[in-house]
**Student:** 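Okay, here's the structure, questions in a sec.
Throughout, protein chains are lettered first and strands after them, A, B, ... in sequence-line order, and every chain is numbered starting at 1. Please read all numbers here as calculations on a predicted model, not as lab measurements.
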Protein chains: 2
Amino acid sequence: MDPKKITIQDIADYANVSKSTVSRVLNNTTPVNDKKREAVLRAVKDLDFEPNSLASGLAGGNSMIIGVQTQKIGSPFYDLVTRGVIHCLTDTRYSPILVDGVWDKEIELRGIDTLLRRQIDGLIIIGGDIEKEHLLRLAAKKPLLLVGREVEGLQDRCLYVDNFDIGYQATKFLIELGHRKIVHITGIKAHQDSVRRLNGYLHALKEANIPYDEDLVYEGAFDGPSGVKAIDTVISRGKKFTAVFAANDMSAFGARLALYRHGIDVPSEVSLIGIDDQTEAPYMTPPMTSVRQPAFKMGVAAGNAMLDLLMNKEIDLPKPSVQISVRESTAKAE
Amino acid sequence: MDPKKITIQDIADYANVSKSTVSRVLNNTTPVNDKKREAVLRAVKDLDFEPNSLASGLAGGNSMIIGVQTQKIGSPFYDLVTRGVIHCLTDTRYSPILVDGVWDKEIELRGIDTLLRRQIDGLIIIGGDIEKEHLLRLAAKKPLLLVGREVEGLQDRCLYVDNFDIGYQATKFLIELGHRKIVHITGIKAHQDSVRRLNGYLHALKEANIPYDEDLVYEGAFDGPSGVKAIDTVISRGKKFTAVFAANDMSAFGARLALYRHGIDVPSEVSLIGIDDQTEAPYMTPPMTSVRQPAFKMGVAAGNAMLDLLMNKEIDLPKPSVQISVRESTAKAE
DNA sequence: TATATTTATGAAAACGGTTTCAAGCCATTG
DNA sequence: CAATGGCTTGAAACCGTTTTCATAAATATA
């Protein structure tokens, strides 16, 4: 397949200089006589030379690869963060290698091993279940950044939104519209995020002196079907409600469909709010109100922070603020 | 940062064998005495050894990296294919490196260069604008697979759906429901896919003896806003229509919203069909009919084909079949 | 039993770069 | 003018593996 590869030595011969000089002009690491520099550059052009990253990685000790571990490729939030990272790395000298942890501790660990074998220069872990201790150990080995997690001992390496606040804000938003019977479709209970959002919901209720009714809470799974089931279930319990707060947009979409099936109008009879503000949310009928997490931006921020980290700069991760994209699925309770 | 790395030499010393032997047991390349093999294995465990992929890539000539170029990270179809590839590669010895070509020939070429520098063992290009000649040259250098493209001279390396047929089937589906005034929201005209889908639409019309009305065709951009604009425009032209065929789901979502704004009911007044069958399509109100392209499966198929290619096996890419997920956004024209 | 073949093993040579080190050159300084 | 210092440069060592090659041991063959 591959024809004889051009190496740095070929360039050196062609330009009548030594390998060292070629390396120097290629990396701008040491001043080089202009004539020689030019000769080298011409040689590179003429021979169509492409440096071998594996070799330079081995020799120089920097693979110029950043490992990125994401979860359940296909889930809106994690995908968006990942895209942000990739986008940020494009046109830098670094390339990302992606592994999927699928929210399974063992698979995550295997993925990390794969990355370490590849001598990644830095590691960005988005979500996941790996324990604190292991993360600390990793952080001691490689520049590490955590997105969507809050790990004590690594606070300055964590980029996350305050999920309690998201739950609180979303619920408070509904309460301020006059709603008091608010269904909450949670995320997967095993995820910290879900629990925090639920707690935010509970806190907002308490603050407004609304008694907690567990029949209004349904454990969902961050997906469409569970959103449908949530509404069906709550209705079958004979519960009245005037608003629904879903732990993410996909389950809100499911809820929306179920309400439609039951002939319940949105927003005149029931208000609906989701989280994520997916691309599709503004195109639902009616356009859906959603809490916006700046996922893509967070990915970009993580990427940039990693680049800084690799240049030994101080990093200062932003605390991303959430805001509610108010649309037409929410209205005053009459 | 990195503490002293354990190398194969350390293992050799610890196990009282030579580096060569260690390499042999690690790769199962040559039989090795059981006692020595065991000693090596124990050493690996005891010292917690992780082989350096860069070094083995350099020495062995296989980087075990597969380059994947996708387009506009964030676009449903391309993302899904990409995910399929990544999913397929998980738990193999190969890792993917991703670059985004953003449908820009120059950026695409740069991306490919990045990948080649990294000594990728194989290349999967999803979509994009790179010319045939260049692709042929690439194919001569590396195992190459093309997804979503049809390139003569590389037929056996192309995995794509018949976009003409998609357009034809979607339109025919509407015609068979009795529709004769069918709006078509195209994709970006510069993309082959869009043109083919449009041609399929035209062919279906002609076959049914429906005169072509250019006012019913709007050039969209595969996104929500252009879907909205399409409907607004056609309506402002004073055109009557009873069905809309959008070149992808996102623009169909946009169309859906615009119809809602204009108080036009779906499907009783206007039927709507999209392409992609995104995760969200079944949760639109009403659930949206869409032509399903098996994007994820195509990604997996591409990944598997690449693995076969790398083992010098014959590959036989499937011709993915499309089918219409019939839901409730389409109905008989009254 | 002597010879031919096979098998397991280690030494050393790649792989394609980067980096250290010392030397050579030139200009500056006292 | 000799000595000092700063630049540029090439030779060689190194990065951590795989792989070739030769050797030594073990087995099969005659």
**Student:** Under 4.0 Å between a side-chain N/O of A:Ser23 and OP1 or OP2 of C:dG17, yes or no?
**Tutor:**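 No, no such contact exists.
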**Student:** Over how many whole Å does the gap from B:Ile6 atom CD1 to D:dT17 atom C1' extend?
**Tutor:**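 Taking CD1 of B:Ile6 and C1' of D:dT17, I get 15 Å after rounding.
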**Student:** Look at A:Ser20 and D:dT9 and indicate whether a side-chain polar atom (N or O) is within less than 4.0 Å of OP1 or OP2.
**Tutor:**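 For D:dT9, OP1/OP2 do not have a side-chain N/O of A:Ser20 under 4.0 Å.
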**Student:** Rounded to the nearest Å, what distance is computed from the CG atom of residue A:Asp34 to the P atom of nucleotide D:dT8?
**Tutor:**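 Atom-to-atom, A:Asp34 to D:dT8, this comes out as 10 Å.
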**Student:** At 4.0 Å (heavy atoms only), tell me whether A:Thr29 reaches a base, stays on the sugar-phosphate, or touches nothing.
**Tutor:**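 A:Thr29: no heavy atom of the nucleic acid under 4.0 Å.
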**Student:** What's the CZ-P distance between A:Arg37 and D:dC7, to the nearest Å?
**Tutor:**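 So the two atoms are 16 Å apart, to the nearest Å.
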**Student:** Quick check for you: among C:dG10, C:dT18, C:dA8, whose closest atom lies nearest to any side-chain atom of B:Pro31?
**Tutor:**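 Of C:dG10, C:dT18, C:dA8, C:dA8 is nearest to the side chain of B:Pro31.
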**Student:** Using 0.5 Å steps for rounding, measure from the CG atom of B:Leu317 to the OH atom of B:Tyr160.
**Tutor:**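 One gets 10.0 Å once the value is rounded to the nearest 0.5 Å.
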**Student:** Indicate yes or no: at least one non-hydrogen side-chain atom of B:Asp104 is less than 4.5 angstrom from one of B:Asp129.
**Tutor:**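 SC-SC contact between B:Asp104 and B:Asp129 ruled out.
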**Student:** Mapping A:Gly60 and B:Gly60 to their closest nucleotides on DNA chain C, which lands nearer the 5' end?
**Tutor:**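 Whichever sits nearer the 5' end wins; that is B:Gly60.
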**Student:** Atom CZ of B:Arg117 to atom P of C:dG16: distance rounded to whole Å?
**Tutor:**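 It works out to 16 Å between those atoms.
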**Student:** What residue among A:Lys141, A:Arg117, A:Arg118 forms salt bridge (Lys or Arg N to Asp or Glu O under 4.0 Å) with B:Glu50?
**Tutor:**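 When salt bridge (Lys or Arg N to Asp or Glu O under 4.0 Å) is applied between B:Glu50 and each of A:Lys141, A:Arg117, A:Arg118, only A:Arg117 qualifies.
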**Student:** Examine D:dT9: is either OP1 or OP2 under 4.0 Å from a nitrogen or oxygen in the side chain of A:Lys35? Give yes or no.
**Tutor:**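 The answer is no; no side-chain N or O of A:Lys35 sits under 4.0 Å from OP1 or OP2.
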**Student:** To the nearest Å, how far apart are B:Asn62 CG and D:dG16 P?
**Tutor:**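 B:Asn62 atom CG is separated from D:dG16 atom P by 21 Å.
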**Student:** Considering just the side-chain nitrogens and oxygens of A:Asn33, establish if one lies under 4.0 Å of OP1 or OP2 belonging to D:dC7.
**Tutor:**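 Answer is no, no contact under 4.0 Å.
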**Student:** I'd like to know whether the aromatic ring centres of A:Phe222 and A:Trp103 sit less than 6.0 Å apart in this structure.
**Tutor:**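 Not under 6.0 Å, so no.
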**Student:** Tell me which nucleotide among C:dG17, C:dT9, D:dT9 gets nearest to the side chain of A:Ile8.
**Tutor:**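 The listed nucleotide nearest to A:Ile8's side chain is C:dG17.
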**Student:** What integer distance in Å separates B:Leu26:CG from D:dT19:C1'?
**Tutor:**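 Taking CG of B:Leu26 and C1' of D:dT19, I get 15 Å after rounding.
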**Student:** Rounding to a whole Å, what distance do you find between B:Arg24:CZ and D:dT19:C1'?
**Tutor:**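 That distance rounds to 8 Å.
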**Student:** Going by side-chain contact (heavy atoms from CB on, under 4.5 Å), B:Ile125 matches just one of B:Leu145, B:Val147, B:Leu138. Which one?
**Tutor:**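 Checked B:Leu145, B:Val147, B:Leu138 against B:Ile125; only one passes side-chain contact (heavy atoms from CB on, under 4.5 Å): B:Leu138.
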**Student:** So what does A:Val22 touch, heavy atoms closer than 4.0 Å: a base, only the sugar-phosphate, or nothing?
**Tutor:**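 The residue A:Val22 makes no contact with any strand.
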**Student:** Quick one: is D:dG16 close enough that its OP1 or OP2 comes under 4.0 Å of any side-chain N or O from B:Thr7?
**Tutor:**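 No.
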**Student:** I'd like to know whether CD of A:Glu314 has more than 12 heavy-atom contacts from other residues, nucleotides or ligands below 6.0 angstrom.
**Tutor:**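 Not more than 12 within 6.0 Å, no.
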**Student:** Once you round it to whole Å, what is the distance between P of C:dG16 and CG of A:Leu58?
**Tutor:**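 Rounded to the whole Å, the gap is 12 Å.
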**Student:** Taking only side-chain N and O atoms of A:Asn52, does any of them lie within less than 4.0 angstrom of OP1 or OP2 on C:dC15?
**Tutor:**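 No, A:Asn52 has no side-chain N/O under 4.0 Å of OP1/OP2 on C:dC15.
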**Student:** Can you see if the side chain of A:Lys5 gets near the phosphate of C:dG16 - specifically, an N or O under 4.0 Å from OP1 or OP2?
**Tutor:**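 No, no such contact exists.
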**Student:** At under 4.0 Å, does any side-chain N or O of B:Ser56 touch on OP1 or OP2 of D:dT17?
**Tutor:**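 So the side-chain polar atoms of B:Ser56 never come under 4.0 Å of the phosphate oxygens OP1 or OP2 of D:dT17.
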**Student:** Can you say whether a donor on the side chain of B:Lys19 sits under 3.5 Å from an acceptor on the base of D:dT17, or the other way round?
**Tutor:**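 Looking at the base of D:dT17, it does pair with a donor or acceptor on the side chain of B:Lys19 (distance under 3.5 Å).
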